[in-house]
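The structure appears below as structure tokens.
In what follows, chains carry the letters A, B, and so on, assigned in the order in which the sequence lines appear, proteins first and then strands, with residues in each chain numbered from 1.
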Number of protein chains: 2
Amino acid sequence: MQAITYEHIKTCRQSGARLGIVHTPHGSFETPIFMPVGTLATVKTMSPEDLKSMNAQIILSNTYHLWLRPGEDIVEEAGGLHKFMNWDRPILTDSGGFQVFSLSDLRKITEEGVHFRNHLSGEKLFLTPERSMEIQNALGPDIMMAFDECPPYPAEHAYMKASVERTSRWAERCLEAHSRAEDQGLFGIIQGGEYEDLRRQSAKDLVSLDFPGYAIGGLSVGEPKDVMNKVLEHTAPLLPDNKPRYLMGVGSADSLIDGAIRGIDMFDCVLPTRIARNGTIMTSEGRLVVRNASYARDFSPLDKNCSCHVCQNHSRAYIRHLIKCNETLGLRLCSYHNLYFLLELMEKVRQAIRDDRLLDFREEFFEAYGFNKPNAKNF
Amino acid sequence: MQAITYEHIKTCRQSGARLGIVHTPHGSFETPIFMPVGTLATVKTMSPEDLKSMNAQIILSNTYHLWLRPGEDIVEEAGGLHKFMNWDRPILTDSGGFQVFSLSDLRKITEEGVHFRNHLSGEKLFLTPERSMEIQNALGPDIMMAFDECPPYPAEHAYMKASVERTSRWAERCLEAHSRAEDQGLFGIIQGGEYEDLRRQSAKDLVSLDFPGYAIGGLSVGEPKDVMNKVLEHTAPLLPDNKPRYLMGVGSADSLIDGAIRGIDMFDCVLPTRIARNGTIMTSEGRLVVRNASYARDFSPLDKNCSCHVCQNHSRAYIRHLIKCNETLGLRLCSYHNLYFLLELMEKVRQAIRDDRLLDFREEFFEAYGFNKPNAKNF
């Protein structure tokens, strides 16, 4: 019995997007889905009850950050990440690979693993596929990620090829080291940058290892949007139909819809909470910077079309006031709204798949959001 | 019809403490009561729903701070402070007098009012009894406070006498300027420092003006605790039995109990939320600094005798982790617990009055809390 299974419900006849259910030891979630990111065992400014009230079905947490603080031993002693943070629904942890590459400049990659420095203390650290599995087995999420090399964008074909091959060898070592396959599912990560042949090679290598799910990594790292879409178009069909597909680090509304259309089931990103803490709001009519002076006397909700608790109870003027005064409630209200907005968007995407009209929904949403305007921001 | 009325329920036969109900245009609250402080139209880190879930019955907000940000005109345009911050229960605002004295060093007191500098911008400002009333009438709280002079501690008798007399003249001007007596009750503030004759004079002056409630100001400003208790003992009996009595700026557990015993009905203080943001917790067994390393692997609740949501769901180890990582959820959980602790303490005080055993309750509480130890901190 696999810890993680994918149940396919239907395929949108208009777009080809997949509607499904992923079953995990801590319950099931519907796909396509957006996963809020709780870097340090907390989705910034949100309580577990807040997340449940917005119907978050699975959250993500970061192996690298929890390894450093509080340390995976403390989380394990607490009874695992679910108990430590009081979240009884599914959790996914990444492998630490992305943070090693994005937070540390002094890294050295060897066949054995990656030498780098703790971004807080400067202390020397060494992360290997085996160590990443050991940490994730201690943290105890439902879904773990294989430890991969995250190459920069752009990267030469030769560099990328060596990297993809190393990531495949590391994937085997991860499977070998993973000690809790009965209650934790380990996903493989397809790399290869913008190179179709390398994505193909990576997919072939990893699919042959029979992971219970697959991620597409190395996207949303600065490449143009059409590059991302092209990579998804030739990579997703290489993955097994009966396993979930996860596009890592993507959380803009347009990319969630475009990813779903290309067969992606799972997404995560810090975007909604990060921009919220700067007073930037996602609305059905596009982006709104609520800290701007123009909202000082605007007593309407953040988004007049939103049914979230914040939009039902608080005004732009009040939220602007809180943010201008550095009151944490302001960050909390903005974070809540943005997460609700993306979770509700994915519910609408799922409904559009049920109704075989996701391409129509895309047009309507993009029109209202302003993505179709010539000067639209990639948001 | 007065906007604010006091209904006396009973007097504790053991201690003399009063049990009562204060009726306001936004509902009633039981006394003795602790009022959480929402300086800038938000009790720091708390949502209105959080406050309701801990059974906060009335909150306080600060005229000076709201005057500066967002400005009383914006709050008025929102429909008043209740609507602006989405709090439909009673609100009390102070007069701005205390902040003028505590936040600004460049102040000059004249008979007309106080010249001082904005603590944020350095801009010159002028606050008078009339202006304080105008701002509070615009903010629209249920209970307003008269604009008084807050003298330093200690102060010479001659200085204090002049100050008390000016505060009495200002109190008359406040009553004259107050334009919404039908739905806002204005409380007078008794000053006089540690001088019994001046407290008597101040009480006589203000009681003759027939305010719907009275505060005792100028305490908890650095004087020893027995000085505060003595002032309460000779001042409270000078106040009318049929009106609420409010001890300003007091929020330590021991002082709440000792104030109630001396006939005080209402208390406020930033203490519980301020120390919470530094990771300091009030528990039934005394103070606990949860950020300390000794709690890193302590999976028990903040207070094993507490039934608050935080203590039911989160461990010391998790909360310590959040605070060490500067995660705002940590501050929020600590703030919630400390406020709950004081609100529940006051419910226990009210029950002890009902049962005519507040002195016994005081002994039990002080013993468990550690106040009876020789090295007890004044907390």
Can you check side-chain contact (heavy atoms from CB on, under 4.5 Å) on R297(A) and E77(B), steps first, answer last?
CA-CA 8 Å; R297(A) 291 165 188 275; E77(B) 204 176 316; 2.5 Å; yes

Please classify the contact between L322(B) and chain A as side chain, backbone, both or neither, with a heavy-atom cut-off of under 4.5 Å.
side chain

Between L329(A) and T45(B), is any pair of side-chain heavy atoms under 4.5 Å apart?
no

Is the backbone of A41(A) close enough, under 3.5 Å, to the side chain of Y318(B) for a donor and an acceptor to pair up by distance?
yes

Determine yes or no for a side-chain-to-main-chain donor-acceptor pair under 3.5 angstrom, with H321(B) supplying the side chain and G71(A) the backbone.
no

Go through the atoms of D50(B) and report whether side chain, backbone, both or neither lie under 4.5 Å from a heavy atom of chain A.
side chain

M46(B) portion near chain A, given a 4.5 angstrom heavy-atom threshold:
backbone

Determine whether H314(A) and P48(B) make a side-chain contact, defined as any pair of heavy atoms from C-beta on separated by less than 4.5 Å.
yes

What residue in L120(A), V75(A), I74(A) has the most heavy-atom pairs under 4.5 Å with chain B?
I74(A)

How close do A78(B) and F299(A) get, heavy atom to heavy atom, and via which atoms?
CB-CE2, 3.2 Å

F101(B) atom CZ, over 12 foreign heavy atoms within 6.0 Å:
yes

Heavy-atom neighbours of R274(A) CZ exceed 12 at 6.0 Å
no

Winner by heavy-atom pair count (cut-off under 4.5 Å) against chain A, out of L333(B), L331(B), T39(B), T328(B)
T328(B)

For chain A, the option from K83(B), R320(B), K324(B), K44(B) that forms the most heavy-atom pairs under 4.5 Å:
K44(B)

Region of H65(B) in contact with chain A, defined by heavy-atom distances below 4.5 Å
neither

Would you say F116(B) has more than 12 foreign heavy atoms packed within less than 6.0 Å of its CZ?
yes

Heavy-atom distances under 4.5 Å only: say whether R69(B) touches chain A with side chain, backbone, both or neither.
both

